[in-house]
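As structure tokens, the structure follows; a few thoughts come after it.
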2 protein chains.
Amino acid sequence: MTAMELFTTQGYEATSVAEILKRASVNSGSLYYFFDNKHDLLVAGLEFFKTLLYPIVMQPAFSREADPIERIFAVLADYRHRLLMTDLDYECPVGKLALEVARHSPAAREKIAENFAAWRDHMRDCLDQAADRLPASVDRNSLAIFVLTTMEGAVMQARTHRDISFYDSSIANLRVYFGYLLSEVPST
Amino acid sequence: MTAMELFTTQGYEATSVAEILKRASVNSGSLYYFFDNKHDLLVAGLEFFKTLLYPIVMQPAFSREADPIERIFAVLADYRHRLLMTDLDYECPVGKLALEVARHSPAAREKIAENFAAWRDHMRDCLDQAADRLPASVDRNSLAIFVLTTMEGAVMQARTHRDISFYDSSIANLRVYFGYLLSEVPST
DNA sequence: GTCTATAACTCGATAGAC
DNA sequence: GTCTATCGAGTTATAGAC
């Protein structure tokens, strides 16, 4: 979906329908034949995004690392890579739209929440696989939320400051935190 | 600044100059006498925001708590309060604009970075005051960045899911992390 | 299903009187 | 310094031919 590329890089409001049409080499009539309006296009795009999450975001990282904890940090390493590849102009597309459209569009907000939930569930699956190495007191769902929190906040700061060290600092702290958690259960 | 209220709640692009004028009961001529254009108004507003950071965000929390570590969590507790007061529709105004305008406006991006830096510096001051209770290996600036990361990511998720538990989960994990750090240095 | 033309409207910004 | 009127461009969405 060409529209989503523009929505997620420029913002929903900042992207005109005319620009989408030009970039996609489509005519107005065709677009409005398939979608009721601009907002409908956004919601459809967010639904499509959800289907891309595993193949684009998770699978490449998971295929590099077998250890469930390392898989989490491999996903985070890929976000670092995206930041560097875009000259520190990358932003999590879902997070970006989360802040822009959540207020005025319940339908889009719901789709964004589903994207967040799917991301977090993949992280929680990793944590579940490493359950025996974590203290029993750890709420793995809550910890998965915290991983997403860290990614979103870290990307936001690195992009704003145009400095990867803000990303690295946040991930390093998450690493130390995981180090404490994992050290609580001695490996046998 | 009435304009900033609209920019930060609705977004910069989604707020028309006409709407600002109406809400502020001002006429077009007056606004453009003081500001060159809409963008100039945004940058001026962000500069003004920076001056509000201490009296609005920090001072109320600091006055409740004397302990530097508790001051950090008091600031975070105030963000929780803002979420609840707005029916889970609050978003950090600086973070929101960070994602929307950073790409197309270097001047605004710079001002947003200054706001982030000021926030983080207040947190680092707290950590510096508690330096003797933290392991020497802790990079306090990096940890302050991590606190901001946590706040931004936690607010984003709570607002998107319209569920305060996402905020609470993230802050709880930060608490546990601080617990590990503080327990490394036995109090005398 | 896709095309072009355009309707209906709102946008940011300006001009010129006071 | 503040007012009203308005410009010209750009906006989303539609109409009607093919």
Looking at the side chain of Tyr33(A), which of dG1(D), dC3(D), dG1(C) is the nearest nucleotide? dG1(C)

Has Arg82(B) got its NZ or CZ under 6.0 Å from the middle of the six-membered ring of Tyr79(B), at an angle within 45 degrees of the ring axis? yes

Would you tell me whether Ser169(B) and Asp139(A) have side-chain atoms, one donor and one acceptor, within less than 3.5 Å of each other? no

Check every atom of dC3(C), dA13(C), dT12(D) against the side chain of Ser30(A) and return the nucleotide holding the closest atom. dC3(C)

When you measure from the side-chain N and O atoms of Tyr32(A) to the phosphate of dA13(D), is any distance below 4.0 Å, counting only OP1 and OP2? yes

Set out, in order, the CA-CA distance, both residues' side-chain angles and the distance that settles salt bridge (Lys or Arg N to Asp or Glu O under 4.0 Å) for Lys111(B) and Glu47(B), then state yes or no. CA-CA 6 Å; Lys111(B) 286 290 166 208; Glu47(B) 177 65 29; 2.5 Å; yes

Atom-to-atom span, CG of Leu41(A) to C1' of dA13(D) - whole angstrom: 13 Å

Every protein N/O within reach of nucleotides 15-18 of chain C N/O, cut-off under 3.5 Å:
none

Answer yes or no: does atom CZ of Arg23(B) have more than 12 heavy-atom neighbours from other residues, nucleotides or ligands under 6.0 Å? no

Interatomic distance, Asp40(B) CG vs dT14(C) C1' [rounded to whole Å]: 16 Å

Just to confirm, is there a sub-4.0 Å distance from OP1 or OP2 of dT2(D) to any side-chain nitrogen or oxygen of Asn27(B)? no

State, without any angle test, whether Glu19(A) and Gln10(A) hold a side-chain donor-acceptor pair at a distance under 3.5 Å. yes

I need the CG-C1' distance between Asn37(B) and dA13(C), as an integer number of Å. 9 Å

For DNA chain C, determine which residues of residues 13-23 of chain A have any heavy atom closer than 4.0 angstrom to one of its atoms, and list them numerically. none

Euclidean distance, atom CG of residue Leu31(A) to atom P of dG1(C) [Å, nearest integer]: 15 Å

Testing Tyr177(A), Tyr167(A), Phe146(A) one by one against Phe146(B) for a ring pair (Phe, Tyr, Trp, His ring centres under 6.0 Å), which residue passes? Phe146(A)

Taking only the side-chain heavy atoms of Phe34(B) (C-beta and beyond), determine which of dG1(D), dA13(D), dA13(C) contains the nearest atom. dG1(D)

Testing Leu134(A), Ile69(A), Leu127(A) one by one against Leu181(A) for a side-chain contact (heavy atoms from CB on, under 4.5 Å), which residue passes? Leu134(A)

To the nearest Å, how far apart are Leu42(A) CG and dA13(D) P? 12 Å

Tyr12(A) six-ring centre to Lys38(A) NZ/CZ under 6.0 Å and within 45° of normal: yes

Pick one: which of Gln157(A), Glu91(A), Lys96(A) meets side-chain contact (heavy atoms from CB on, under 4.5 Å) with Glu152(A)? Glu91(A)

